[in-house]
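Presented below is the structure to which this report refers.
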Amino acid sequence: MSNVKVAVIFYSMGGTNYQLSKWAEEGAAEAGAEVRVLKVQELAPQSVIENNEGWKATVESTKDIPVATSEDLEWADAIIFSVPTRFGNMASQMKQFLDTQGGLWASGKTVNKVVSAMTSAQNPHGGQEATLLSLYTSMMHWGAIIVTPGYTDPVLFGAGGNPYGTSVTVGQDGQMVEDVQAAVKYQAKRTVQVAEWVTQGNQ
Ligand SMILES: Cc1cc2nc3c(=O)[nH]c(=O)nc-3n(C[C@H](O)[C@H](O)[C@H](O)COP(=O)(O)O)c2cc1C
């Protein structure tokens, strides 16, 4: 049993990043961590969401998931982000969440958070790495400790071998193309492991 506390924070319009988050939750829990799965605040107008069946279904299936707050970030030793690629960048809902953490950042409470990120995109080369890098850029400003999968385990090759963080292609039908479940769980476990090292070394 680890004493590590993990926040898995996602944005999802079509359900992919919600599923990735649930797998990350499983992986982190199997590693002994205490886990909170949290969504970021939706910002799109209700009138837009209502006209999109998939989006509406995701809002419905995630309605009981709490919206992430600064308190959750303060609580967590480790944070795993999951966010869709939007024009080669993170979805604005996630950016807004990061941009509302100025107070937490100013009080030094983002320092030494162990962080890792996952993403999805419609195309195999649709900007996955750029999305992860954009999130990791903000994490450098937070003084966070970025944990990437690299090529530290063979399971990563079966998931497309993205060393920045697990990424998956989502077809027009909304289904994931690669089988990334094992890679997500591995990434979560590795994040917990590093968070254990950091928290134990910091006592
Ligand atoms: C506004 C918008 C921009 C997008 N930009 C890209 C892109 O640059 N590259 C790409 O491959 N897919 C792009 N997509 C597809 C999304 O990445 C894809 O729908 C998402 O990863 C699915 O995740 P979700 O099911 O969690 O919402 C875009 C989708 C939207 C709505």
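Whatever order the structure lists ligands and atoms in, that order sets their numbers, starting from 1.
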Within a distance under 4.0 Å of any heavy atom of [X], pick out the atoms of ligand 1 and give their elements.
X     : answer
Gly88 : 8 (O)
Asn17 : 23 (O), 24 (P), 26 (O)
Pro84 : 20 (C), 21 (O), 23 (O), 26 (O), 27 (O)
Met13 : 24 (P), 26 (O), 27 (O)

Q. Taking N or O atoms only and a 3.5 Å limit, does Asn123 qualify as a polar contact for ligand 1?
A. yes
Q. Looking only at distance, does Gly14 have an N or O less than 3.5 Å from an N or O of ligand 1?
A. yes
With distance as the sole criterion, is a donor-acceptor pair present between the side chains of [X] and [Y] under 3.5 Å?
X      : Y      : result
Thr85  : Gln128 : no
Thr110 : Gln101 : no
Ser12  : Thr58  : no
Tyr186 : Thr152 : yes
Ser120 : Thr16  : no

Q) Hey, is atom 25 (O) of ligand 1 under 4.0 Å from any protein heavy atom? A) yes
**Q.** Distance flag, aromatic centroids of Tyr18 and Tyr11, threshold under 6.0 Å
**A.** no
Q. Is Lys189 paired with Glu30 through a side-chain N to carboxylate O contact shorter than 4.0 Å?
A. yes
Q: Flag the pair Arg36 and Glu71 as a salt bridge only when some basic side-chain nitrogen lies within less than 4.0 angstrom of an acidic carboxylate oxygen.
A: yes
Looking at [atom], what's its closest protein heavy atom, distance included?
atom                    : answer
atom 23 (O) of ligand 1 : Ser120 OG, 3.1 Å
atom 18 (C) of ligand 1 : Gln122 N, 4.3 Å
atom 5 (N) of ligand 1  : Phe87 N, 2.9 Å
atom 14 (N) of ligand 1 : Thr85 O, 3.5 Å

Q: Going by heavy-atom distance to atom 9 (N) of ligand 1, choose the closest among Gly126, Ala91, Ala121.
A: Gly126
Q: Check each of Arg86, Met176, Gln172 against atom 29 (C) of ligand 1 and report the one with the nearest heavy atom.
A: Arg86
Q) Using the ring of each side chain (for Trp, its six-membered ring), is Trp142 parallel, tilted or perpendicular to Phe81, with breaks at 30° and 60°? A) perpendicular
Q. Could a heavy atom of Gly15 be found less than 4.0 Å from some atom of ligand 1?
A. yes
